[in-house]
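No experiment lies behind these values; they were computed from the predicted model shown. Whatever order the structure lists ligands and atoms in, that order sets their numbers, starting from 1. FYI, side chains are in, hydrogens and waters are out, and symmetry mates aren't considered; it's all heavy atoms of this structure.
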Amino acid sequence: MKLIFTFLKPYKAAAVAAFSLMLTELAAELLLPYFLGRMINEGVLAKDMDRISFWGGIMIGTALLSFAAGILNSFYSAHVSYAFGYDLRSSLFRKVQSFSCSTLNKYPPSALITRFTNDIRQIQNTVFMSLRIMAKAPLTVIGGVIMAFVVNGRLAAVFFITVPVLIGFLYWVFKVSRGMFRNMQDRVDKLNRVMQENLAGMRIIKAFWRRDYERIRFERANEDLSRATRTAFQFIEASSPVLFFVMNMSLAAILWFGSQQIGSGQTNVGQVVSVVNYALRVSMSMSMFSFIITSFSRTKASADRIGEIMRIRDVSEETGAADPNLAVTKGKAEFRHVTFSFPDKDEPVLKDISFTVNPGEKLAIIGATGAGKTSLFLLLPRLFDVQSGEILIDDTPITAYPVKNLRDGIGFIPQTPFLFSGTIRENIAWGNTKAAEEEIIRAAEDAQIHAAICNFPDRYDTRVGQKGVNLSGGQKQRISIARALVRKPKILLMDDSTSALDAETESRLLEAIRRYRCTTILITQKISTARMADKICLIDDGRIAALGTHEDLLEASPLYRKIAESQSGKEWHYAR
Ligand code: CTP
Ligand code: MG
């Protein structure tokens with residue numbers, strides 16, 4: 001909570017202005033019943049027209065002042081709350097961007113999206129309402145009670161009993177409801193997750209005819225949310241009749257004591273009218289308390305959820321870089337006894353991995369599904385850090401490089417291509433924002449996608465749907481290859497990136513990549529692809545089972561022989 005409100009600091013001046021205007025408005029409102037009492041006593045009861053117009057004029061002036069202060073206050077409150085929301089959102093975005101993959105693993109996108117939208121909006125509204133009306137309610141209560149005392153202390157004594165009782169009661173309501181609202185926000189997360197998955201997976205849901213199944217899943221999340229919301233709001237709503245009851249009782253008490261005092265000549269009608277007027281204002285403010293409590297409980301829950309993200313200290317990305325200018329120049333990659341397990345998992349997915357790829361060399365990594373090939377790729381750009389052993393690029397441990405320089409030297413082609421919404425040109429240039437048009441086209445040609453792009457209606461300006469729906473799997477794969485090539489990387493990592501290509505296109509692609517003279521590590525399931533590399537590394541269950549040329553492996557590794565046999569038995573028999 002505290003952390004979040006440091007974001008208000010830059011707007012202190014405007015907030016103070018808003019607050020002072022609110023105080024002006026409040027003071028004017030609190031003076032009105034007092035003036036009314038004087039007008040009744042000195043003007044109406046004394047039948048003095050001059051006094052009536054005098055106090056009437058003062059009342060009109062005060063009302064106008066309160067009106068003007070109210071309008072200006074809205075203006076400043078809106079300014080503060082929107083600027084605050086903007087800053088908080090930007091800062092949260094930067095924070096989330098700085099997270100390492102292991103931290104991001106812990107928060108599903110839906111949970112983060114809810115924080116960006118729902119939670120921030122909640123806090124923003126509360127900031128606005130606090131400056132506008134919320135802070136006014138308790139001050140009206142205090143001011144009203146004080147003014148009532150000034151007018152007639154004995155009548156106002158009634159407040160001494162009711163106000164503390166109500167404050168205690170409201171505090172209890174606040175404490176209980178806070179947990180309920182946190183629960184509610186978590187349900188919003190869950191509903192968002194189901195929605196997101198449903199929209200993203202629409203095709204497969206249709207293909208499997210799982211509409212009903214998904215509807216039930218959605219309804220369950222929806223019901224959970226509405227149940228949590230209902231519990232919270234019912235609880236809050238149940239508190240307002242209690243408030244009204246106590247306040248009405250105190251009004252009745254004031255009127256009863258007031259009439260007795262008038263009878264015995266201890267007071268006059270004007271004073272009783274003033275005190276009753278104050279009592280009405282106090283009870284009106286009290287009735288706003290349930291709304292205020294709702295807002296504060298919800299805001300507390302939302303602020304805690306955002307604070308939880310803001311407080312995460314994620315160091316792995318930025319540690320260790322001694323020399324800020326250290327960059328990848330040659331592209332030699334070396335693994336030394338690397339053992340790695342994903343965060344929060346015990347079983348290592350890679351065990352004692354050692355190999356070296358020299359600059360410009362091509363290494364193929366082959367192995368069964370789940371063997372740990374993709375995991376091995378994640379380690380080179382330091383998307384995850386190793387538990388033991390060491391990875392070196394150009395004979396320097398990768399932890400010594402500034403992360404940006406390290407990643408600048410690497411062209412990463414993920415197993416599942418991901419394209420951004422925008423044009424094809426933008427998607428390729430995303431790899432290197434400084435690339436000139438010829439370089440973009442060159443990369444597309446080398447990725448064997450140029451011809452296909454030229455057949456699109458708008459060529460390079462063709463828009464890619466939010467998830468590249470209008471492209472085939474192989475086209476997406478090749479655009480994502482072009483995006484890596486346009487970086488002119490020293491080390492190219494291709495994770496099964498030619499799986500959707502026919503043999504001819506694949507060999508043309510690999511031939512084109514040769515011209516980049518970069519070190520290439522490619523994961524593949526196909527022996528025919530692996531054979532085009534200088535060396536092949538066979539991974540089996542997280543360990544290197546064999547390392548060498550195709551011929552070496554055929555000789556040395558029964559597992560490799562088995563894979564080769566299953567893929568093209570004849571071919572290698574004849575080759576031998
Ligand atoms: N794994 C994990 N957490 C992740 C990713 C993977 O625990 N975030 C585990 C998987 O359960 C798997 C192992 O790590 O057992 C290796 O996964 P991966 O390296 O992705 O396997 P690949 O060899 O790339 O498999 P495939 O050929 O299917 O891509
Ligand atoms: Mg993989």
Side-chain angles (χ1 to χ4, degrees), residues 96 99-112 193 197 200 204 312 314 316-317 333 335 337-355 357 362-389 391 398 410-418 473-474 476-478 480-481 484 491-501 506 520-533 535-547 553 557 559-560 562-564 566-567:
V96 170
F99 283 163
S100 67
C101 294
S102 31
T103 307
L104 285 172
N105 263 356
K106 286 188 211 127
Y107 293 92
S110 53
L112 294 174
R193 190 170 68 230
E197 282 174 5
I204 186 161
I312 295 175
D314 212 351
S316 76
E317 290 228 313
F335 276 59
H337 304 290
V338 166
T339 295
F340 167 69
S341 59
F342 282 100
D344 309 324
K345 305 243 172 75
D346 302 330
E347 181 69 14
V349 292
L350 292 173
K351 291 153 240 172
D352 196 23
I353 301 280
S354 299
F355 64 82
V357 202
K362 202 173 276 171
L363 172 76
I365 294 179
I366 194 165
T369 169
K373 307 182 296 296
T374 299
S375 311
L376 192 135
F377 265 21
L378 299 177
L379 301 180
L380 266 168
R382 286 190 67 201
L383 297 177
F384 288 94
D385 279 332
V386 303
Q387 271 79 36
S388 71
I391 302 174
I398 51 173
I410 296 175
F412 186 86
I413 307 166
Q415 189 163 15
T416 330
F418 183 90
K476 279 192 258 181
Q477 230 174 27
R478 279 172 287 163
S480 115
I481 293 173
I491 300 177
L492 186 66
L493 302 178
M494 304 174 73
D495 193 345
D496 218 3
S497 309
T498 57
S499 62
L501 305 187
E506 181 184 28
T520 310
I521 308 183
L522 57 95
I523 291 175
T524 177
Q525 304 277 3
K526 293 182 283 186
I527 297 276
S528 55
T529 310
R531 281 185 71 169
M532 296 184 215
K535 269 188 289 187
I536 301 173
C537 173
L538 174 64
I539 297 208
D540 182 29
D541 192 21
R543 284 180 195 283
I544 295 189
L547 184 63
L553 294 198
S557 166
L559 177 62
Y560 188 80
K562 213 173 90 194
I563 301 171
S566 71
Q567 285 189 9

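Checking side-chain atoms of R478 against main-chain N and O of G474 turns up a donor-acceptor pair under 3.5 Å. Side-chain atoms of S497 come within 3.5 Å of backbone N or O of D495 as a donor-acceptor pair. The closest donor-acceptor contact from the side chain of S341 to the backbone of E347 lies at 3.5 Å or more, if one exists at all. Side chain of K373 to main chain of I539: no donor-acceptor pair is present (N/O by atom type, distance under 3.5 Å, no hydrogens or angles).
Heavy atoms only, all atoms of each residue included: I544 and S354 are closest at CD1-O, 3.3 Å.
L350 places a side-chain heavy atom less than 4.5 Å from the side chain of L379. Taking 4.5 Å as the limit, some side-chain heavy atom of L493 sits within range of a side-chain heavy atom of P381. Residues F340 and L376 have side chains not in contact (no heavy-atom distance under 4.5 Å, counting atoms from C-beta outward).
In terms of N/O distances under 3.5 Å, ligand 1 is not approached by N105. Between V349 and ligand 1, not a single N/O pair is under 3.5 Å apart. No N or O atom of F342 sits closer than 3.5 Å to an N or O atom of ligand 1.
In this structure, atom 28 (O) of ligand 1 lies nearest to the protein heavy atom T369 OG1, 2.6 Å. Of the protein's heavy atoms, T374 CB, 3.5 Å lies nearest to atom 20 (O) of ligand 1. Here the protein heavy atom with the shortest distance to atom 27 (O) of ligand 1 is K373 NZ, 2.6 Å.
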Subject >> Candidate pair D540 and R543, rule salt bridge (Lys or Arg N to Asp or Glu O under 4.0 Å), full reasoning >> reply: CA-CA 5 Å; D540 182 29; R543 284 180 195 283; over 6 Å; no

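For the side chain to side chain donor-acceptor pair (under 3.5 Å) criterion with S499, the lone passing option out of E506, Q477, K526 is Q477.
Compare P348, P343, S375 by their heavy atoms: the one nearest to atom 18 (P) of ligand 1 is in S375.
Atoms of ligand 1 found under 4.0 Å from any heavy atom of Q415 (numbered from 1 in listed order, with element): 26 (P), 29 (O). Within ligand 1, counting atoms from 1 as listed, the ones closer than 4.0 Å to a heavy atom of Q525 are 27 (O). Atoms of ligand 1 lying under 4.0 Å from any heavy atom of K345, numbered from 1 in the order shown and given with element: 2 (C), 3 (N), 7 (O).
There is a protein heavy atom closer than 4.0 angstrom to atom 24 (O) of ligand 1. Of the protein's heavy atoms, at least one falls inside 4.0 Å of atom 13 (C) of ligand 1.
Note on T374: counted as a metal contact of the Mg ion (ligand 2), an N/O/S atom lying under 2.8 Å. For a distance bound of 2.8 Å, the N, O or S atoms of S375 include none lying that close to the Mg ion (ligand 2).
Close to ligand 1: G370, with a non-hydrogen atom less than 4.0 angstrom away.
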